[in-house]
Amino acid sequence: GQQLNQSPQSMFIQEGEDVSMNCTSSSIFNTWLWYKQEPGEGPVLLIALYKAGELTSNGRLTAQFGITRKDSFLNISASIPSDVGIYFCARGTSYGKLTFGQGTILTVHP
Amino acid sequence: EAQVTQNPRYLITVTGKKLTVTCSQNMNHEYMSWYRQDPGLGLRQIYYSMNVEVTDKGDVPEGYKVSRKEKRNFPLILESPSPNQTSLYFCATSQRVSYEQYFGPGTRLTVT
């Protein structure tokens with residue numbers, strides 16, 4: 001399947017800093033999703049985006065579906081230690097098939 | 001409580017010994033899927049099922065089989081496991097035509 005390019009691969013930040021990560025694809029599609037995976041657990045959906053240009057917030061998290069429909073970003077404001085985990089972007093294809101990015105490993109130092 | 005359960009959570013086995021990883025959900029979801037997670041590769045879809053008796057290949061189906069005889073269960077079968085199938089496996093479910101999938105806790109498989 002087609003790959004999603006997610007960057008950065010890892011981030012080491014201080015508590016209170018803002019975080020930004022993004023995902024790009026060579027093809028256009030109709031859905032972007034952002035998941036978070038904590039150690040020892042399965043991914044959990046954070047935000048789902050269904051329209052080009054859509055900007056959606058979930059607490060300190062904000063995600064946008066790029067106008068070109070080929071990219072998306074996720075921002076975390078005022079990071080806290082419990083934000084630690086792996087963040088995945090994913091794109092939806094036909095019949096609910098998901099393709100995931102490689103993940104961004106986030107470490108937050110208190 | 002809405003749940004996706006997988007069993008076993010951990011398994012160490014030897015090459016060629018058939019095994020089954022079970023997945024069960026209590027949310028009455030029609031769609032179920034299996035993924036494997038490997039470092040640096042994210043999650044890759046193995047097989048998915050739109051409904052009972054309806055299954056289709058994902059991106060990495062080689063070496064795996066699935067069945068969907070009941071709505072709530074979607075077992076993953078490895079007929080002859082090989083070391084390159086050592087991975088972390090996740091089952092996921094969702095309502096029909098929805099990408100908002102709910103993941104199980106994962107099964108860590110080691111094939112020696």
Side-chain angles (χ1 to χ4, degrees), chain A residues 1-10 21-25 27 29-51 54 56 58 61 63 65 69 72 74 85-106, chain B residues 2-7 9-10 21 23-25 27 29-51 54-62 66 68 74 87-108:
Chain A
Q2 290 188 315
Q3 288 287 325
L4 296 181
N5 296 313
Q6 186 172 347
S7 64
Q9 290 188 353
S10 60
M21 59 191 78
N22 67 80
C23 222
T24 61
S25 172
S27 58
F29 48 92
N30 298 322
T31 307
W32 270 115
L33 305 107
W34 286 93
Y35 284 84
K36 178 189 179 186
Q37 183 181 26
E38 298 191 2
E41 298 183 10
V44 174
L45 181 68
L46 297 174
I47 293 177
L49 303 161
Y50 295 103
K51 283 171 46 177
E54 181 179 355
T56 298
N58 178 4
L61 277 61
F65 192 149
R69 294 166 64 193
S72 176
L74 175 71
I86 306 176
Y87 291 80
F88 291 101
C89 62
R91 66 175 177 90
T93 59
S94 60
Y95 299 107
K97 182 176 177 178
L98 287 186
T99 299
F100 284 80
Q102 304 95 321
T104 295
I105 302 172
L106 179 62
Chain B
Q3 269 192 328
V4 181
T5 56
Q6 295 180 225
N7 282 294
R9 294 290 313 278
Y10 303 90
V21 184
C23 174
S24 182
Q25 51 104 354
M27 294 174 279
H29 284 171
E30 294 186 355
Y31 181 96
M32 298 185 75
S33 183
W34 276 102
Y35 297 86
R36 60 177 289 173
Q37 183 177 16
D38 302 289
L41 296 177
L43 291 101
R44 293 177 293 168
Q45 193 174 45
I46 303 170
Y47 268 95
Y48 62 97
S49 170
M50 289 299 296
N51 212 327
V54 180
T55 63
D56 207 347
K57 296 177 181 179
D59 294 321
V60 289
E62 293 77 21
V66 293
R68 187 89 181 274
F74 189 44
S87 188
L88 180 58
Y89 291 87
F90 288 100
C91 177
T93 79
S94 66
Q95 293 285 0
R96 186 179 175 85
V97 197
S98 166
Y99 303 113
E100 301 180 18
Q101 297 193 12
Y102 297 86
F103 283 78
T107 295
R108 185 164 293 281

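Here the structure is a predicted model, which is why all the values come from computation and not from measurement. All chains are named by letter (A, B, ...) in the order of the sequence lines, taking the proteins before the strands, and each is independently numbered beginning at 1.
Residues satisfying the salt bridge (charged side-chain N to carboxylate O under 4.0 Å, His left out) criterion with A/Glu38, sequence neighbours excluded, are A/Lys36. B/Phe90 is linked by a ring pair (Phe, Tyr, Trp, His ring centres under 6.0 Å) to nothing, counting only residues two or more places apart in sequence or in another chain.
Put simply, of B/Cys91, B/Ser33, B/Pro105, B/Gly104, the one with the most heavy-atom pairs under 4.5 Å next to chain A is B/Pro105.
Applying the 6.0 Å contact sphere to CZ of B/Arg108 captures no more than 12 heavy atoms from other residues, nucleotides or ligands. Annotation for B/Tyr102: atom OH does not count as buried by contact number, only 12 or fewer foreign heavy atoms lying within 6.0 Å.
How far CG of B/Leu43 is from CD of A/Gln102: 11.5 Å, rounded to the nearest 0.5 Å. Annotation: the span from B/Gln101 atom CD to A/Leu33 atom CG amounts to 8.5 Å, rounded to 0.5 Å. Distance check: B/Glu100 CD to A/Tyr50 OH gives 3.5 Å after rounding to the nearest 0.5 Å.
Put simply, the side chain of B/Tyr48 never gets that close to the backbone of A/Leu98: no donor and acceptor are under 3.5 Å apart.
Using a 4.5 Å cut-off between heavy atoms, B/Gln37 contacts chain A through its side chain alone, with no backbone atom that close. Interface remark: A/Gln9 contributes no atoms to any contact with chain B (heavy atom separation under 4.5 Å). B/Leu41 touches chain A through its backbone: at least one of N, CA, C or O sits under 4.5 Å from a heavy atom, while the side chain does not. The part of B/Arg9 that comes within reach of chain A is its side chain, from C-beta onward, which places non-hydrogen atoms under 4.5 angstrom from that chain.
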Start with the C-alpha distance between B/Phe103 and A/Glu41, add both sets of side-chain angles, then the distance that settles side chain to side chain contact (heavy atoms under 4.5 Å, CB included), and finish with yes or no.
-> CA-CA 9 Å; B/Phe103 283 78; A/Glu41 298 183 10; over 6 Å; no
